[in-house]
Each structure stands twice: as C-alpha cells, then as structure tokens.
> 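Once you've had a glance at the structure underneath, I'll fire off some questions.
Order of the sequence lines sets the chain letters (A, B, ...), proteins ahead of strands, with each chain counted from 1.
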Amino acid sequence: MPLRNGTATSGDQEKHRNDTCSDQELQRSRTETNQASTGSVQRCRQWRNPRYPTATSLLRTTEITTNPVSLPGEKRFWSIGDLFLLLRLREDLLKRFKKHDVLIIVGETGSGKTTQIPQFLSDSGFCRDGKTIGVTQPRRVAAVTVAKRVAEECGVDLGQKVGYSIRFEDVTSSSTRIKYMTDGLLLREALLDPYLSRYSVIVVDEAHERTVHTDVLLGLLKKVQNVRSKYVKDHTSIGHKRASNGTILEKENTDPCIGVLKQCQGRKLPPLKLIIMSASLDAHVFSEYFGGAKAVRVLGRQFPVDVFYTVDPQTDYLDSAIVTIFQIHSEEAPGDILAFLTGQEEIESVEKQIHENLQRLPEEKRNMKTVTIFSSLPSEQQMRVFAPAPAGFRKVILATNIAETSVTIPGIKYVIDPGVVKARSYDPVKGMESLIIVPTSKAQAIQRSGRAGREGPGKCFRLYPESEYEKLEDSTKPEIKRCNLSNVILQLKALGVDDIFGFDFIEKPSRAAIKKSLEELILLGALTDELKLSDPVGRRMARLPLDPVYSKALILASQFKCLDEMLIAVAMLSVESIFYEPREKLDEARTAKKCFASSEGDHLTLINVYRTSIELLEKRKSEVGKEKPEKILRKWCKENFINNRSLRHARDIHSQIRRHVEQMGLCISSCGDDTLQFRRCLAAAFFLNAALKQPDGTYRALASGEVVQIHPTSVLFRTKADCIIFNEFVKTTNKTSMSTNSKLLVDSHSQVDIYCFLSR
DNA sequence: GAGCACTGC
C-alpha cells in the first residue's frame with residue numbers, strides 16, 4: 001500500500017525502520033572530536049542505535065483489528081485507493097460502534113482520526129433528532145484548528161454544521177452538529193446539563209494525555225452513560241422536582257447505581273455513545289475502565305525516526321546537549337535541531353553557552369542560529385521559532401515541553417532528548433505543590449522523538465543509555481495524582497457526586513490527597529461539616545471558573561465592599577506572569593516595574609498595572625482617528641516589560657468573572673483609597689496562606705508550619721512586614737529556600753482575622 | 001537577591 005513520498009504503511013514502515021536500523025545496529029563510534037563544544041579538550045560521544053521502539057511493540061491492547069487501515073488525514077485530495085481504504089475503515093468502525101457503546105480508537109499522530117471520525121458519525125445518522133456529536137480536546141488551539149479544518153472539508157461555514165466552543169469563544173449555533181471543544185468546557189456544561197442531553201456521541205480525543213479534566217470527564221461520562229442507558233431500559237421516574245427556573249433538582253439519592261446523578265423527567269434521551277481516542281500505550285487502561293471496551297487501531301503517517309542512545313550515562317545533560325548539538329551540526333545533513341530542556345533558566349544558559357562556543361569556531365562553521373521557546377515568552381518572541389533560518393544556516397530550537405504537543409515547529413529533522421522534564425508534584429500532607437525535574441516516561445520519549453519525523457525521516461538522540469530507557473515508566477503519571485484536588489472535588493460535589501472516596505476515577509488519587517482537599521474546602525466554607533456543598537457559598541464557589549480560594553475571596557469581597565479591587569486581583573493572579581524580565585534587560589525591566597509598585601504589596605501592585613492599562617485603553621478609545629487602542633497597549637506593554645498576552649487574558653477573565661458575580665447578585669463596589677478593607681478581605685480569604693515573621697527574619701507559614709522566605713521579585717522583599725498573605729509557594733531547587741510569590745502587608749487587625757480563622 | 005513545565009474553566 002504505497003503512500004506519499006514512497007514511505008510504506010505502518011506495518012511495512014516498521015519493517016523498514018528495523019531494516020534501516022539493523023544496518024546501523026552496531027555501535028556507531030564517533031571518532032571525530034567536536035572542537036566547538038569542547039575547546040581544546042578532545043571528547044567524543046558514542047551512540048548506540050537499537051531497534052526503534054515503536055508504539056506498537058509497547059501496545060498491550062488485545063482487541064486490535066487485524067487489518068488496520070490508514071485514514072487520509074493530511075490530504076485534501078484522495079486517490080481512488082485512499083477512498084477505498086476510507087470506505088472500508090468507515091464501514092468497519094461504524095459496525096463496531098453500533099454494536100458497542102464505547103469504542104477505543106488508538107491512532108498515531110496524523111492518522112486523521114480527529115477530523116474524519118466525527119464526519120463518519122455525522123453522515124451515519126448520529127445527529128438525528130437535532131443531537132450533536134461533541135469532540136473534546138485538552139487544548140484550546142487544537143479545538144479551534146480542527147474545527148476549522150473539518151468545516152472546510154465539509155464545505156460549510158464555521159459555526160454552522162461544524163463549530164467549536166472554548167472559554168471566551170463560542171462559535172456554534174443551533175444548527176451545529178459537530179462541536180469541538182475543550183474538555184474543561186464540557187465539564188462546565190455538565191454543571192448546567194448533567195445528562196449532556198444535547199449529545200448523542202462524545203468523542204474524547206488525546207485521552208492518553210490524562211489531564212485532570214480528561215480524567216474527571218471520563219468518570220462523569222461513564223456515569224452519564226449508565227444513567228442514560230438505564231433510562232432507556234427502565235423508564236420509571238424517580239423522585240425529582242423542578243426549580244422555578246425550570247432546572248431539575250435532585251430530591252434524594254434513591255438509586256445507588258446511579259449515585260446522585262439526577263434522573264431526568266419527561267425527556268427521552270438516547271444512550272450516550274463514547275469514543276475514547278488515544279495516541280498509544282494506554283489503550284488497555286481505557287479498555288479496562290470501560291468494561292473491556294473494544295479497541296481499534298488506525299495508522300498514522302509518521303516518517304521513520306532513527307533513535308540513538310548514548311553508550312554511557314551522562315553526568316551533565318546540559319553539557320551533553322550542547323556537545324550533541326555541535327556534533328549534529330558538524331556531521332549530519334542539513335535540517336533543524338529541536339532540543340528539549342526543562343525550563344527558562346536552562347534554555348537561556350544553554351543558548352549563552354552555544355553562542356560562546358560558536359565564537360570559537362572558524363567563521364565558515366558559525367552557520368548556526370538559535371531560537372528559544374517557552375510558555376512565558378511573549379508571543380511575538382515565540383513566533384520567532386517559525387521563521388526559517390537564513391540560507392545556509394541551521395536552526396537550533398531550545399524548547400521546553402511546549403514543543404512536545406502544544407507547538408508544532410516545521411523543519412525539524414533532529415531531536416535531542418535529555419530524558420528529563422519539569423513536572424508538578426504534590427505533597428498531600430503539607431498540601432503543597434512544587435515543580436521538580438523528573439525522568440520522562442516512555443510515552444513522552446516516543447512523543448518527543450516523533451517530532452523529528454513530521455516531514456521526512458529524522459533522527460532522535462536520547463542523552464541516556466538504552467538500559468535507562470527500559471527503566472522508564474510506560475506513561476506519565478496522570479495529573480490528577482499529583483495535584484491539589486480542591487477544584488476537582490468542588491466540581492464533583494456540584495455535579496451531585498457526594499461520595500468522593502467512592503467515585504469511579506479511572507485512577508484514584510490517594511486517600512490522603514482527597515482528605516486534605518476536603519478539609520480545605522470545609523475551612524473555606526464551601527462544604528459543610530457533613531461534606532455537603534454549602535448554600536449559597538459552596539454553590540457560588542462551584543459556579544465560578546476559578547481556584548476555590550479565589551472564588552471565596554470574591555464572595556467575601558462583596559461583604560468587605562471591595563469587590564471591584566478583588567475582581568482585578570483575582571483575574572491578575574489567575575494568569576501567567578504579568579511582568580517579563582529578560583535576562584539582557586533586567587535593570588530596565590525592574591525600573592519599569594517600580595512605577596506600579598505599591599508599598600502595601602504585590603496584589604495592589606497588580607491592580608495598579610491593570611487599572612493603568614485600562615485607563616490607557618479607555619482614553620485611546622475616546623480619541624478618534626488615532627492608532628488602534630490595541631496597538632497602543634501593545635507598545636505600552638513592551639515599554640513597561642509587561643506580557644501583553646497575560647494582560648489580555650486577565651481582561652478576558654475579569655469580564656467573565658464580573659458577569660458571573662453580577663448574575664449572583666453580588667454588589668460590586670470599590671474601597672477606593674481604603675486599602676485596609678481590601679487587605680482584610682484578602683486575609684479573610686487567604687488565611688491558609690498566611691505567614692508570620694520570625695525573629696531571624698525568615699517567615700513561618702501558619703497553616704503548614706513551613707519555613708519560607710519572601711520571593712525576591714516581590715515588592716515586599718526589602719520591607720519584611722510582620723505578617724504577610726502570600727498567593728502560592730514556589731519551591732526551588734534549593735530545598736531549604738522556599739519563597740512566597742505574591743504577598744501582602746497586613747496590619748494587626750488582619751492578624752486577628754487570621755488567627756480567628758485558623759482557630760475555628 | 002532568586003529564577004515557574006504545560007494546560008484549562
């Protein structure tokens with residue numbers, strides 16, 4: 001089955017890979033030295049090229065079709081052969097899907113499963129009676145781009161038959177039948193429509209990523225599916241009542257099988273069909289979770305990637321990465337290099353090192369250009385990775401995980417993978433999250449190497465021996481097992497799941513983590529001592545799309561008459577960092593920041609930034625014929641070292657949250673210059689984040705007892721107030737130094753408040 | 001005087 005560019009289909013492709021590998025199976029000793037990276041010392045790096053570890057060889061799913069076929073996903077025009085395959089696949093899939101309520105589809109990148117399968121379903125009558133096919137994605141950008149693509153393929157306007165819905169953007173209409181959305185958004189929808197009654201099919205895409213949202217959604221979908229199929233079989237009404245606004249309220253939990261999901265009255269709902277799509281490895285997990293659901297495999301169009309391992313373990317992966325970059329540069333054919341590093345600091349130091357090494361090379365060998373990308377980089381600078389290198393130059397991209405899934409950079413032929421990643425971890429005893437550098441999983445390593453085979457055959461250099469690869473976990477630990485669960489639990493409670501310990505998670509978080517978050521929610525007043533959602537506080541908190549602490553701060557702020565300020569503070573705290581401090585212009589950036597600094601703390605500093613920017617926008621809007629306000633703001637941001645994207649995000653959140661609190665009937669008033677009121681309110685909401693100064697000048701966090709210090713970027717770094725409220729812990733590589741991120745000077749009154757709350 | 005991966009509502 002020939003496909004484009006003469007590559008074989010996956011089955012053949014694998015053989016092809018192995019054939020190529022076997023030629024190079026032996027160790028490839030590199031005798032050439034790399035003058036550039038090593039200076040006068042001669043060093044060489046030895047590589048071993050084993051058989052390519054494909055997803056297939058690791059796949060443990062039993063129910064895989066014997067004759068997998070390929071979807072023509074990347075093409076606009078199909079050959080007769082392609083169409084034949086397409087029809088065959090379509091028939092096969094539909095037959096299976098009609099028989100089973102859950103189908104698992106395993107498909108590699110570029111298999112077209114995301115674009116094609118919803119169209120098959122729509123054509124086959126799954127949108128009858130005005131029902132919709134919902135397709136969820138973990139990321140906003142994916143939901144938008146896929147929807148655009150499918151609308152184009154269907155020849156319809158986006159927002160008509162095919163549409164998408166993400167936070168702040170709803171491009172759907174009453175005629176939308178295929179709806180792409182983020183998984184978090186579908187969870188929010190479920191709060192208003194617990195049966196997901198408008199959907200006949202839900203497709204959960206990229207399920208292998210196992211984000212918190214995906215995991216909670218899978219649990220919810222399983223429940224909804226049970227209820228809906230039960231409803232069809234046993235159409236008896238269980239006690240329920242309707243609220244005055246027409247929504248259905250639960251009366252009591254009469255059916256333990258259904259749990260507390262509310263029964264539906266008077267509406268005929270067809271069974272909910274589910275498709276779980278995963279890239280690899282984990283199909284068996286989903287299959288087991290959904291009672292042995294069948295899995296089908298569709299093939300992607302990845303080009304072969306040769307994987308090389310180091311012969312010996314590397315002591316310093318940064319140095320190793322630099323050596324490898326120069327080795328590729330001097331020995332390999334043209335093609336861009338993508339190197340995965342763990343964070344901004346590493347990226348900046350490696351870039352500096354590369355430039356220094358380049359200076360030592362003869363002029364004609366300096367044809368290398370570095371670009372960097374990480375999430376906090378302003379978007380204009382992020383865009384630089386897409387620009388092709390000057391003619392005759394090789395582009396080296398130094399990236400964080402952002403390049404693993406979120407951003408696809410064209411032209412990559414070589415990938416360098418040190419085998420580590422910075423990941424969130426959670427200590428349920430202290431209730432503290434931190435970021436630590438850990439080994440990647442096998443799945444992650446495969447995902448990274450795949451980045452070299454998007455446009456043609458590539459090579460991946462793993463900076464560790466093959467024996468180390470074998471020791472890696474198959475897949476990354478699901479996020480739900482390494483984060484604070486307060487938000488998840490509040491959502492589940494609002495969805496009517498009372499027994500959190502008994503909830504059918506695909507992988508259950510630890511008992512300690514659940515307990516810790518339940519305690520936090522009780523302290524915040526969201527749950528009663530009987531672990532019921534409190535009314536109105538808990539219900540209101542669940543409605544707000546924010547961290548529970550922020551929601552509580554808003555509710556309190558209406559009582560403290562400073563909701564205007566708190567709305568801004570919460571919006572600004574919810575976004576990625578507002579201030580941008582590039583290494584080369586550190587002093588300028590700090591001077592700029594001083595203009596906004598408030599002696600009372602970082603919260604008020606953030607409010608100052610927000611208000612100044614809004615004033616600027618308003619002023620420009622009233623001046624006709626001048627430059628566009630957005631453009632002016634962008635310039636202003638640049639001058640003041642503020643991340644425009646973060647600020648815009650904060651404006652979006654602000655207006656969304658404002659709408660919510662208005663609907664709740666909360667009173668939005670400003671405390672004006674009386675910032676004491678605002679600070680007291682902060683103390684009342686963030687009492688779990690209070691710290692007191694110790695005689696030695698360090699601080700002790702009251703709730704955890706942890707010794708902490710004020711983060712040097714804080715405006716309070718020098719002042720050393722007696723008592724502060726911080727926003728979050730930042731755990732750094734140095735174990736003893738923990739610091740606070742956002743903090744607030746509070747007076748003695750607020751201390752009293754804090755003690756009051758803590759001693760409750 | 002230190003330095004925060006990536007998402008999402």
Side-chain angles (χ1 to χ4, degrees), chain A residues 136-143 165-170 181-192 206 209-217 340-349 373-377 399-407 420-425 433-438 440 444 447 476 479-480 482-483 487-488 490-491 494 541-548 550-551 571 574-577 579-583 586 589-590 646 649 652-653 656-657 660 709-714 716-718 720 727-734 736-742:
Chain A
T136 71
Q137 295 289 333
R139 278 173 294 280
R140 294 160 53 91
V141 61
S165 191
I166 56 177
R167 189 183 189 184
F168 311 129
E169 245 180 284
D170 182 14
M181 63 195 132
T182 44
D183 42 18
L185 194 108
L186 185 61
L187 278 176
R188 285 277 152 190
E189 257 188 52
L191 286 177
L192 302 172
E206 312 283 7
E209 288 192 22
R210 302 295 302 279
T211 63
V212 173
H213 285 160
T214 305
D215 271 21
V216 175
L217 186 62
F340 285 101
L341 299 168
T342 67
Q344 177 177 352
E345 213 192 353
E346 277 186 14
I347 287 176
E348 284 173 350
S349 95
I373 184 165
F374 42 89
S375 83
S376 63
L377 201 65
T400 59
N401 253 10
I402 194 169
E404 206 176 276
T405 46
S406 309
V407 176
V420 283
V421 63
K422 197 177 280 185
R424 187 195 302 278
S425 81
E433 288 183 339
S434 55
L435 288 166
I436 48 172
I437 294 173
V438 294
T440 61
Q444 240 176 330
Q447 171 71 23
T476 312
E479 197 187 358
I480 202 161
R482 45 190 176 88
C483 73
N487 216 351
V488 167
L490 190 61
Q491 292 303 305
M541 283 173 65
R543 258 183 71 185
L544 291 166
L546 291 169
D547 271 4
Y550 295 167
S551 305
S574 300
V575 300
E576 325 73 80
S577 83
F579 297 104
Y580 173 64
E581 293 189 358
R583 199 177 241 209
L586 218 52
R590 281 170 195 173
S646 301
H649 193 187
D652 286 338
I653 294 177
Q656 187 191 37
I657 305 300
H660 272 110
Q709 62 179 53
I710 296 182
H711 197 280
T713 53
S714 168
L716 296 184
F717 182 68
R718 285 171 204 283
K720 300 261 183 207
N727 190 50
E728 62 183 7
F729 284 119
V730 175
K731 195 160 184 163
T732 61
T733 39
N734 183 353
T736 50
S737 89
M738 278 178 35
S739 58
T740 56
N741 192 359
S742 259

> Mapping A:A423 and A:S165 to their closest nucleotides on DNA chain B, which lands nearer the 5' end?
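Upstream on the strand: A:A423.
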> When you get a sec, tell me which of B:dA5, B:dG3, B:dC9 is the closest nucleotide to the side chain of A:E345?
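Within the option list, the nearest is B:dG3.
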> Could you check which of B:dA2, B:dT7, B:dA5 has an atom nearest any side-chain atom of A:S406?
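Looking only at heavy atoms from C-beta outward on A:S406, the closest nucleotide is B:dT7.
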> Please say which of A:Q491, A:R167, A:H213 ends up in a side-chain contact (heavy atoms from CB on, under 4.5 Å) with A:R188.
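So the option named by the test is A:Q491.
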> Between A:R139 and A:E209, does a salt bridge (Lys or Arg N to Asp or Glu O under 4.0 Å) hold up when you go through it step by step?
CA-CA 11 Å; A:R139 278 173 294 280; A:E209 288 192 22; 2.8 Å; yes
> Look at the side chain of A:R590 and decide which nucleotide, out of B:dC6, B:dC4, B:dA2, has an atom nearest to it.
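Closest nucleotide to the A:R590 side chain: B:dA2.
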> Can a donor-acceptor pair be found, under 3.5 Å and without considering hydrogens, that links the side chain of A:Q447 to the backbone of A:E404?
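Here the side-chain-to-backbone pair exists.
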> When you get a sec, tell me which of B:dC6, B:dG8, B:dC4 is the closest nucleotide to the side chain of A:R140?
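Nearest to the side-chain atoms of A:R140, counting from C-beta on, is B:dG8.
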> Ignoring the backbone of A:S375, work out which of B:dA2, B:dC9, B:dT7 is nearest its side chain.
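Comparing B:dA2, B:dC9, B:dT7 against the side chain of A:S375, the answer is B:dT7.
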> So what does A:E576 hit on the nucleic acid, given a heavy-atom distance under 4.0 Å: a base, only sugar-phosphate, or nothing?
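Nothing, no heavy atom under 4.0 Å.
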> Would one find a side-chain N or O of A:T405 under 4.0 angstrom from OP1 or OP2 of B:dC6?
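Result: no.
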> Under 4.0 angstrom, heavy atoms only, what part of the nucleic acid is A:F374 near: base, sugar-phosphate, or nothing?
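Answer is sugar-phosphate: A:F374 comes under 4.0 Å of backbone atoms only.
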> Considering every strand and a 4.0 Å limit on heavy-atom distances, what is the contact class for A:R139: base, sugar-phosphate, or nothing?
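Sugar-phosphate only.
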> In whole angstrom, what separates A:E479's CD from B:dG8's C1'?
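For the pair A:E479 CD and B:dG8 C1', the rounded distance is 9 Å.
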> Nearest to the side chain of A:I402 - B:dC6, B:dA5, B:dA2?
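The answer is B:dC6, which lies nearest to the side chain.
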> Hey, does A:T211 reach any base, or is it just sugar-phosphate, or nothing, if we go heavy atoms under 4.0 Å?
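The answer is nothing, as A:T211 stays clear of every strand by at least 4.0 Å.
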> Which nucleotide in the list B:dC9, B:dC4, B:dG1 gets nearest to the side chain of A:F717?
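Per side-chain heavy atoms of A:F717, the pick is B:dG1.
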> May I have the step-by-step check of side chain to side chain contact (heavy atoms under 4.5 Å, CB included) for A:Q344 and A:S376, ending in yes or no?
CA-CA 8 Å; A:Q344 177 177 352; A:S376 63; 3.6 Å; yes
